[in-house]
Amino acid sequence: MPIITLPDKSTKSFDHPVTGLEIAQAIGPRLAQAALGCKVNGELRDLSTLIEADASVAIITDKTRDKQPDKDGLFLIRHTAAHIMAEAIQDVLGKDVLLAYGPPTDTGFFYDMLIPAGKSLSTDHFDAINQRMAQIIAENRPMTRYEVPAADGLAKLRSEGNKYKVDNAERALGLPSSVYTGAKQNDVAPANPGAALTFYATGQPGKHWEDLCRGPHVPGTGRVGAARVMSLASSYWHGDENSDRLTRVYGTAFASQAELDAHLHQLQEAKARDHRVIGKHLRLFHIDEDVGQGLILWTPNGSIIRQELMDFIGGELRKQGYQQVFTPHIGRLDLYKTSGHFPYYKESQFAPVVEREALERLSREGCSCAELTHRLEAVSTRLQRGLNERTGKNIIPDERVMPDDLLVDGFMLRPMNCPHHAKIFKSAPHSYRDLPVRLAEFGTVYRWEQSGELNGMTRVRGFTQDDAHLFCTPEQVPAEIQGCLSLVKVIFATLGMKEYRVRVGLRDPDGKKYTGTKENWDKAEQACIDAAATLGVTFSQEPGEAAFYGPKIDFVVKDVIGREWQLGTVQVDYNMAIRFDLSYIGPDNQPHRPVAIHRAPFGSFERFVGVLIEHFAGAFPAWLSPQQVRVLPISEKSNDYAARVAGVLRGAGLRVGIDAGDDRIQAKVKVAAEEKVPYMLIVGPRDAESGTVSVRARGIEKDLGAMSLEAFVEALRREVAERRCELTVRP
RNA sequence: GCCACCGUAGCUCAGUGGUAGAGCAGCGCUUUUGUAAAGCGCGGGUCGAAGGUUCAAAUCCUUUCGGUGGCUCCA
C-alpha cells in the first residue's frame, strides 16, 4: 500500500503497487498524456516501472513548469532516439553493423558501432536514415522492457555474436570483461545469482528490433518528437586508442519538430559568430600553412585589439605592484630538466633544437636517433645530485645520468615561462621584506598540440600568456590569490563577460603524489576556496584536480556553440622553489623557501581574443575596435572636409578611417556596418559649413543627428578612456 | 595521431570525364550623390601539391599537405 510523495510534497496513497503512468493518471489525464518517464526517489525510470513501496515520485514530461525543455525529459527522448537511429542504420546498412554503445549527451546522443569491412557509412546515407527514423517515430511502437536471467541473457548475446554487447553485459553484471581484457569467460558471478539483464524492444520482443539496454526510455517511439542524424566521427572502444576503432554517429532529438528546427537554426547562428569566420572577414588574424599549423599571425586589426588588452591588463598589474620582465622564447635543456618539463612532457613539446656543430659531430659518429634522444634526455651527475638533494627524493634515477662528454646539449622552445622567472628571482638576494615579488611577462610559449586538436585561435601551438609568477611567504598566499581573482573580476566586468565559471582543483583525499606539507596545503586550499567564493560566480570544488605541486583555480568560459574553454588559471606551487633552490632571508636571518604562484588569468591572448570575438560577435566596444570611427563623405565634394575631420580625430588619438571612394553614401554605410565600425560620421556640405558631423552608431540603424566635431571627439575620448562596453556618444 | 567530410579568383561558392564560371572585392570610365550595395567596362585561377588511369582529368584512383567536425558523458 504505497504512499507516493509528489514534488509539491502532497501525497497520494494507493492500495496496490502502481506504475508511474497510474500515478500520472491519478494526478490528471493531461499529465498522463504528456508523461515520458518518472523519477523515483531521484532515479530516472520508465513510466511503466512498478512502485511497490512508499516513494517520492516526480512525473517527467518534455517541459518544466516554466515551459523550458526538461533535462530529464530530453534525456529520455534522446536515449530512445539513439535506439531508433541504430535500428534505422541497421535497416539501411544491414544487420551486420555491430552496435557498441549509444548514450544521450548534452546536445543529443551518439551511437558507436563497427561498420563491417566492405561497407561504409557516409553522409550520403543521412537522408535514408532520417527518413527511416521518421517512419519508426510515426509508427509509434511501444518501448517494451523485459528482463532475462543473467546467464540466459549472456548466452543470448554471445549467440548473436556482438562482442561489444557481451562486454557491456559483463561489465553491468560486475564480471571480468572476457572480450575486452581477455579474462576467462565466467558465466554469472556466484555472489549475484539473482542478477538479470534488461533488453528493450522497439515494439514487440521477438518481432521488432531490440537492444541490450539499461534504460530508461520514453513509453513509445512516437514520443520522440523529432530526431535527426547529425554527423560522423570516429572513436575507440572504451576510448582506448589501442582498441577497436568504431564509427560514432551523432544525432539529436527534441520533443517537437519546432524545437529541433530551432536547435538547427541556433547552430547556424553560432556558425556566424565563429571567431574563425569573423576573424577572416574583419581581418583580425591569419593562419598560413607555410608558417605552420596552429601558429597565429596577428594582422594589424587583431594586433590593435591585443595591444589594447595588453595595455589594459598591464595597467591593472602596475596598480597591484607587479614588475614587468622580458625573457627569451628558448632556454637550454638543463633548465627544463631542472624544472621537470623535459623530458616528462616531451609529447606536448616541440622537439629540442640541437646546435649544428654538435649534430654534425654526432652524425659523423653514426649516432642513431634513439641514441640521440637518450643523450639529450640524460643529465649530468651534478644536476642529479643537486635536484635529488633539494627535493629529498630520487627524482633523477641513476639510469638517466651520463658522463658530461656524452651528454648532448640543446635548446627548447619554452613550454612555460616559469623557469625563466625563477632564474630572475634567483639572480638577486631577497629579504622577507621584499616579498611578494611579482614578475609579470606577456610570455610566448610553444606546445605541441595534436593536429586534430588545433582550432582557430582557441587551440594553437604558439601563444602568449598574460603570465606572472608571485614569489611569497606561505602566510602571504591567501592575499596573493585574492589579488589574482580581483584582477580577473575587474577585467571580466569591463568586458561584460558574465558567462564564466570557476573550478577549484583540490587534492585527492588519498593521493600520495603531492609535494609540500599538509599544513601548507590545507591553508592554500582554503585560501583558494575562500577567494573563489568572493567572486560571486558559480564555482565547483574538484578533489583530485590539483596539480601535484599545489591547488589551483581555473576559469572556464562557454563559447557560442556551447563548447567550454579553459581560459586562465591560478596555481599555488610548493615545488618550483625547491627545484630551483630559491630562497629568501627571513626575520630569523635564516634562508626560507618561498611559495610560487603561477597565474595567467586569461590564459593566452590567442584564446582570449578568440573567445572575445565570439562574445562580441565581432562588434567590439569602441576602446577595442581596430577602427573606432569612419568618416563618410557624401560625395567627393566633401572629401576635403572629411579629411580635416579625420585629421582632428587622429590628432585626438582616435583610430579613424575615411571612405573617400565614389560609392554612394548608402553603399558606404552598408560597408561600414558590415565591418562593425562603432561610429560613422557622415559629412556633406551642410556639415562642412557648420563644422558638425552627422553621427550614426553601430546597432542603431538610423541617423542620430549632427553634433559639433569637438563635442564628438570629447565624448568618444571619454568613452574610450573609460573602456565602456556600450556605444554612448550621442548628438 | 586516428575517423568522416572538405580544398576551384583576395572572399563566398557553382561546375562530377570534353575549351575554367558567377557574385562580391580590385582597377578604369560615367555619375557628385544626405544614412544598409548607382551603371558600364577591364584585369585576375598551372582548380592545395605530386603521381597514375584515359584520346581527354577541377571531375576517377593513389599518395601527400592543409582546413572542419569528432575521438565516453562507461549497457
Side-chain angles (χ1 to χ4, degrees), chain A residues 75 78-79 82-83 99-112 115 120-126 153 157 162 164-173 177 180 197-200 211-215 230-242 245-250 267 271 274 276-277 280-281 283 287-294 347 448-456 561 563 632-639 661-675 680-687 694-697 700-706:
Chain A
F75 182 94
R78 288 167 177 172
H79 197 183
H83 282 224
L99 302 174
Y101 169 53
T105 66
D106 282 348
T107 56
F109 57 87
F110 63 81
Y111 216 123
D112 284 349
I115 308 292
S120 75
L121 179 63
S122 83
T123 45
D124 294 343
H125 297 105
F126 281 13
L157 290 169
N162 182 335
Y164 306 112
K165 289 292 171 185
V166 172
D167 181 69
N168 287 339
E170 286 173 340
R171 282 161 179 269
L173 295 167
S177 168
Y180 184 66
L197 289 171
T198 59
F199 291 80
Y200 277 81
D211 193 10
L212 169 76
C213 183
R214 177 173 57 180
M230 299 293 286
S231 62
L232 294 171
S234 88
S235 65
Y236 297 104
W237 191 23
H238 295 298
D240 173 359
E241 64 180 303
N242 298 314
R245 201 166 52 229
L246 303 172
T247 300
R248 172 168 297 182
V249 191
Y250 278 87
L267 284 182
K271 226 176 148 188
D274 190 315
R276 294 164 301 192
V277 175
K280 191 176 261 181
H281 182 223
R283 300 187 187 283
I287 300 172
D288 195 293
E289 63 177 275
D290 288 336
V291 175
Q293 293 180 291
E347 298 303 316
W448 187 260
E449 301 284 352
Q450 294 193 95
S451 62
E453 299 281 358
L454 299 172
N455 179 288
I561 318 172
R563 288 179 300 203
L632 313 182
I634 294 290
S635 78
E636 276 174 41
K637 287 177 180 167
S638 303
N639 279 0
D662 71 345
D663 279 328
R664 296 193 328 180
I665 191 66
Q666 286 85 345
K668 294 181 182 180
V669 167
K670 181 178 189 338
V671 169
E674 277 178 352
E675 293 178 6
M680 295 182 219
L681 297 184
I682 288 127
V683 295
R686 284 203 308 259
D687 299 293
S694 298
V695 180
R696 185 169 162 143
I700 302 173
E701 293 181 11
K702 62 176 188 192
D703 179 6
L704 294 170

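Predicted model only: the values in this text are computed from it and were never measured. Naming: A, B, ... by sequence-line order, numbering from 1 per chain.
Judged by distance alone with a 3.5 Å cut-off, no donor-acceptor contact links the side chain of A:Arg664 to the base of B:A36. On a pure distance criterion of 3.5 Å, a polar donor-acceptor pair joins the side chain of A:Asp687 and the base of B:G34.
Sequence order on RNA chain B of the closest nucleotides to A:Pro685 and A:Leu212 puts A:Pro685 first from the 5' end. The 5' end of RNA chain B is approached more closely, in terms of each residue's nearest nucleotide, by A:Lys280 than by the other of A:Lys280 and A:Glu701.
In this structure B:C60 sits in a base pair with B:G52, meeting the Watson-Crick or G-U test at under 3.5 Å. Partner assigned to B:G69 is B:C3, using Watson-Crick or G-U wobble distances below 3.5 angstrom. B:C27 is paired with B:G41 under the criterion used here, namely a Watson-Crick or G-U wobble arrangement in which both key atom distances are under 3.5 Å. Using the Watson-Crick or G-U wobble rule with both distances under 3.5 Å, B:U32 pairs with nothing in any strand shown. Across all strands shown, B:C47 forms no Watson-Crick or G-U wobble pair with both distances under 3.5 Å.
Nucleotides B:G39 and B:G51 have their C1' atoms positioned 49 Å apart, rounded to a whole Å. Nucleotides B:C29 and B:G66 are separated by 44 Å at their P atoms, to the nearest Å. Remark: the separation of the P atoms in B:G21 and B:C5 is 30 Å, to the nearest Å. Across B:C60 and B:A56, the matching C1' atoms stand 13 Å from one another, rounded to whole Å. B:C24 and B:U16 are spaced 24 Å apart, taking the P atom of each and rounding to whole Å. Between B:G67 and B:C40, the two P atoms lie 40 Å apart (nearest whole Å). A distance of about 11 Å separates the P atoms of B:G18 and B:A57, rounded to the whole Å. Between B:U53 and B:C61, the two C1' atoms lie 7 Å apart (nearest whole Å).
Side-chain contact between A:Val695 and A:Leu681: present, with at least one pair of heavy atoms (C-beta onward) separated by less than 4.5 Å.
A:Phe75 meets the side chain to side chain contact (heavy atoms under 4.5 Å, CB included) test with A:Leu44, A:His79, A:Pro104; sequence neighbours excluded. Under the side chain to side chain contact (heavy atoms under 4.5 Å, CB included) criterion, A:Gln293 pairs with A:Ser451, A:Leu454, A:Arg461, not counting sequence neighbours. With sequence neighbours left out, the ring-ring contact (aromatic ring centres under 6.0 Å, His included) criterion links A:Tyr164 to A:Trp237. Residues satisfying the side chain to side chain contact (heavy atoms under 4.5 Å, CB included) criterion with A:Ile634, sequence neighbours excluded, are A:Ile665, A:Ile682. Evaluation of the side chain to side chain contact (heavy atoms under 4.5 Å, CB included) rule for A:Ala706 yields A:Asp687, A:Thr692, A:Ser694 as partners, not counting sequence neighbours.
Relative to the six-membered ring of A:Phe109, A:Arg78 misses at least one condition, a distance below 6.0 Å or an angle of at most 45° to the axis.
Contact annotation: A:Tyr101 side-chain N/O to B:C73 OP1/OP2 distance is not under 4.0 Å. Remark: A:Gln293 is in phosphate contact with B:G66, judged by side-chain N or O atoms under 4.0 Å from OP1 or OP2. Taking 4.0 angstrom as the limit, A:Asn455 places a side-chain polar atom (N or O) nearer than this to OP1 or OP2 of B:G69.
Ranking B:G70, B:U68, B:U33 by closeness to the A:Arg276 side chain, first place goes to B:U68. The side chain of A:Ile665 sits closest to B:U33 out of B:U32, B:G69, B:U33. Nearest to the side-chain atoms of A:Val669 among the listed nucleotides B:A36, B:A75, B:U33 stands B:A36. If you check B:A38, B:A75, B:C73 against the side chain of A:Thr105, the one that comes closest is B:C73. Nearest to the side chain of A:Glu636, among B:C74, B:U31, B:G70, sits B:U31.
To the nearest angstrom, C1' of B:U31 lies 13 Å from CD of A:Gln666. For the pair A:Asp663 CG and B:A36 P, the interatomic distance rounds to 14 Å; values are reported in whole Å. When rounded to the nearest whole Å, the span between CZ of A:Phe110 and P of B:U72 equals 8 Å. Between A:Lys637 atom NZ and B:U31 atom P there is a gap of 12 Å when expressed in whole angstrom units. Distance CG (A:Leu197) to P (B:A75): 12 Å, rounded to an integer number of Å. Distance CD (A:Glu675) to P (B:C24): 17 Å, rounded to an integer number of Å. As rounded to whole Å, 10 Å separates atom P of B:G28 from atom CG of A:Asp662. If you take CZ of A:Phe109 and P of B:A75, they are 17 Å apart, rounded to a whole angstrom.
Salt bridge absent: A:Arg696 and A:Asp703 never bring a charged side-chain N and a carboxylate O closer than 4.0 Å.
Base engagement by A:Thr198 is indicated by at least one non-hydrogen atom pair under 4.0 Å involving a base atom. If you check every strand for non-hydrogen atoms under 4.0 Å, A:Ala169 touches nothing. As judged by a 4.0 angstrom heavy-atom cut-off over every strand, A:Gly292 is placed among residues making no nucleic acid contact.
Between A:His83 and A:Tyr200, the ring planes lie perpendicular to each other; the angle is over 60°, past the 30° to 60° tilted range.
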Treating primed atoms plus P, OP1 and OP2 as sugar-phosphate and everything else as base, which nucleotides of nucleotides 2-10 of chain B get B, S or - for protein heavy atoms under 4.0 Å?
BBSS-----

What do the steps show when you test A:Val683 against A:Leu632 for side chain to side chain contact (heavy atoms under 4.5 Å, CB included), and what is the final call?
CA-CA 6 Å; A:Val683 295; A:Leu632 313 182; over 6 Å; no

